Protein chains: 2
Amino acid sequence: MNGHTLGECTKSILPVRDALEVLNGKWKLPIIVSLMFGNKRFSQIAREVPGITDKMLSKELRDLECNELVKRKVYDSIPVVVEYSLTDYGHSLKVVIEVLRAWGMKHRERMMGEVTV
Amino acid sequence: MNGHTLGECTKSILPVRDALEVLNGKWKLPIIVSLMFGNKRFSQIAREVPGITDKMLSKELRDLECNELVKRKVYDSIPVVVEYSLTDYGHSLKVVIEVLRAWGMKHRERMMGEVTV
DNA sequence: CCGCATCCAGTTCGATACTG
DNA sequence: CAGTATCGAACTGGATGCGG
């Protein structure tokens with residue numbers, strides 16, 4: 001039963017790690033979900049993601065932008081307006097999130113019976 | 001376009017968080033994958049997950065056991081032998097991991113062109 | 001062989017205040 | 001409005017050594 005090496009297994013989980021990292025942290029998920037409902041401005045996201053600080057929002061948006069999940073568009077008005085939107089690629093996360101959500105819901109039920117939260 | 005409240009969105013991502021937490025951290029994934037190939041004993045897992053310390057392995061296994069993903073079976077021999085295995089429920093994670101892996105691979109390609117790693 | 005206790009380092013995250 | 005700077009708390013994960 002050792003037809004596989006653990007090295008291979010290790011390699012095969014690297015992409016999984018990548019995917020997890022993209023969703024990782026307290027804020028990326030709510031930000032992405034928020035943007036799935038439409039383009040938003042900085043302070044609008046801040047309002048819709050309760051508890052996040054400007055610093056965190058700024059950092060997470062930059063992360064997401066680096067990963068090409070979020071697009072940042074600056075309007076040269078005064079005061080400056082910045083609009084964030086999910087890229088098509090960002091929207092492709094929806095499937096992933098759905099699968100996670102489906103499994104997570106089963107897990108909740110299993111772990112807590114039928115607790116309200 | 002405000003037919004939804006952010007409260008609802010927040011609630012809808014809770015199960016996603018649950019699922020992410022189950023896979024989260026440096027070690028849970030390699031441990032799960034290792035156990036997908038068959039039942040293992042503590043030190044065998046330790047060998048197959050390079051870099052993990054006993055403390056971490058112990059903690060992660062307990063976590064996974066709490067979540068009913070891993071089953072722990074103690075053989076009353078001397079010295080004691082403990083065998084870990086994935087529960088059926090644990091195996092149900094395979095689908096989730098596959099989806100993450102698929103997305104993660106696309107992401108790797110997108111982010112790095114075609115790097116070897 | 002299996003696992004825990006202790007101590008320690010790195011990173012993440014939050015609070016507050018400030019800029020163009 | 002859209003961020004940045006700084007500080008510090010909290011959490012995660014690692015090294016080492018011990019105990020059943």
Side-chain angles (χ1 to χ4, degrees), chain A residues 10 13-14 16-18 20-35 38-67 69-86, chain B residues 10 13-14 17-35 38-67 69-86:
Chain A
T10 305
I13 67 176
L14 283 178
V16 187
R17 283 220 174 299
D18 291 343
L20 286 173
E21 259 167 47
V22 165
L23 279 319
N24 215 353
K26 233 147 228 152
W27 304 115
K28 297 206 181 63
L29 201 51
I31 291 171
I32 289 169
V33 171
S34 164
L35 287 175
N39 305 355
K40 305 274 168 68
R41 301 215 301 275
F42 188 89
S43 45
Q44 193 173 3
I45 303 173
R47 253 176 280 125
E48 297 196 355
V49 180
I52 197 170
T53 61
D54 287 354
K55 172 191 166 182
M56 280 299 124
L57 182 52
S58 170
K59 177 187 171 297
E60 300 294 49
L61 283 171
R62 247 179 294 129
D63 279 5
L64 294 169
E65 205 192 343
C66 281
N67 283 330
L69 299 166
V70 160
K71 200 171 49 185
R72 192 186 123 111
K73 189 170 175 184
V74 181
Y75 293 90
D76 254 11
S77 50
I78 297 181
V80 66
V81 167
V82 183
E83 184 183 75
Y84 292 92
S85 59
L86 226 53
Chain B
T10 304
I13 67 176
L14 283 178
R17 284 222 174 297
D18 291 342
L20 285 174
E21 259 166 47
V22 167
L23 279 318
N24 216 352
K26 232 147 229 151
W27 304 113
K28 296 206 181 62
L29 201 51
I31 292 171
I32 290 168
V33 171
S34 165
L35 287 175
N39 305 354
K40 305 274 168 68
R41 300 215 301 275
F42 188 89
S43 45
Q44 192 173 3
I45 303 173
R47 253 176 280 124
E48 296 196 355
V49 180
I52 197 169
T53 62
D54 286 354
K55 171 191 165 183
M56 279 300 125
L57 182 51
S58 170
K59 178 186 172 297
E60 300 294 49
L61 283 172
R62 246 180 297 130
D63 279 5
L64 294 170
E65 205 192 342
C66 281
N67 284 329
L69 300 166
V70 160
K71 199 171 49 186
R72 190 186 125 110
K73 189 171 175 184
V74 181
Y75 293 90
D76 253 12
S77 51
I78 297 181
V80 67
V81 167
V82 184
E83 184 184 75
Y84 293 92
S85 59
L86 226 53

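Proteins come first, then strands; the chains are lettered A, B, ... in the order of their sequence lines, and each starts at number 1. A quick note: this is a predicted structure, and the numbers were derived from the prediction, not measured.
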Measure the distance from [atom1] on [X] to [atom2] on [N] and round it to the nearest whole Å.
| X | N | atom1 | atom2 | value |
| --- | --- | --- | --- | --- |
| A:Phe42 | D:dA2 | CZ | C1' | 6 Å |
| B:Lys73 | C:dC2 | NZ | C1' | 17 Å |
| A:Ile78 | D:dA2 | CD1 | C1' | 14 Å |
| B:Leu20 | D:dT12 | CG | P | 15 Å |
| B:Ile52 | C:dG3 | CD1 | P | 12 Å |
| A:Asp63 | C:dT12 | CG | P | 9 Å |
| A:Ile31 | C:dC13 | CD1 | C1' | 13 Å |
| A:Leu61 | C:dC13 | CG | P | 14 Å |

(request) Tell me which nucleotide among D:dG3, D:dC1, C:dC2 gets nearest to the side chain of B:Val82. (result) C:dC2

(request) Just compare D:dG3, C:dC2, D:dC1 and give me whichever is closest to any side-chain atom of A:Ser58. (result) D:dG3

Report which part of the nucleic acid [X] touches: base, sugar-phosphate, or nothing (heavy-atom distance under 4.0 Å, all strands).
| X | answer |
| --- | --- |
| B:Lys55 | base |
| A:Gly51 | nothing |
| B:Lys26 | sugar-phosphate |
| B:Tyr84 | sugar-phosphate |

Closer than 4.0 Å, any side-chain N/O of [X] to the OP1 or OP2 of [N]?
| X | N | result |
| --- | --- | --- |
| A:Thr53 | C:dG14 | no |
| B:Ser43 | C:dC2 | yes |
| B:Trp27 | D:dT12 | no |
| A:Arg62 | D:dT4 | yes |
| A:Arg41 | D:dA2 | yes |

(message) Restricting to non-hydrogen atoms, name the atom on B:Glu48 and the atom on B:Ser34 that form the minimum distance, rounded to 0.1 Å.
(response)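 Scanning both residues completely, I find the closest heavy atoms to be OE1-OG, 3.2 Å.
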
(message) Both B:Glu60 and B:Asp54 contact DNA chain D. Which one's nearest nucleotide lies toward the 5' end?
(response)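 Going by which nucleotide is closer to the 5' end, it is B:Glu60.
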
(request) Mind checking the CG-CG spacing from B:Leu61 to B:Leu35? Nearest 0.5 Å is all I need. (result)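 So the gap between those two atoms works out to 7.0 Å.
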
(message) Could you measure the distance from the CG atom of B:Leu86 to the CD1 atom of B:Ile31? Nearest 0.5 Å is fine.
(response) 11.0 Å

(request) May I ask you to say whether A:Lys28 pairs ionically with A:Glu60, meaning some side-chain N is under 4.0 Å from a carboxylate O? (result)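 Between A:Glu60 and A:Lys28 there is a salt bridge, with a charged N closer than 4.0 Å to a carboxylate O.
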
(message) Between A:Arg17 and B:Lys26 (side chain of the first, backbone of the second, donor and acceptor by atom type, cut-off under 3.5 Å), is there such a pair?
(response)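 Between the backbone of B:Lys26 and the side chain of A:Arg17 there is a qualifying donor-acceptor contact (under 3.5 Å).
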
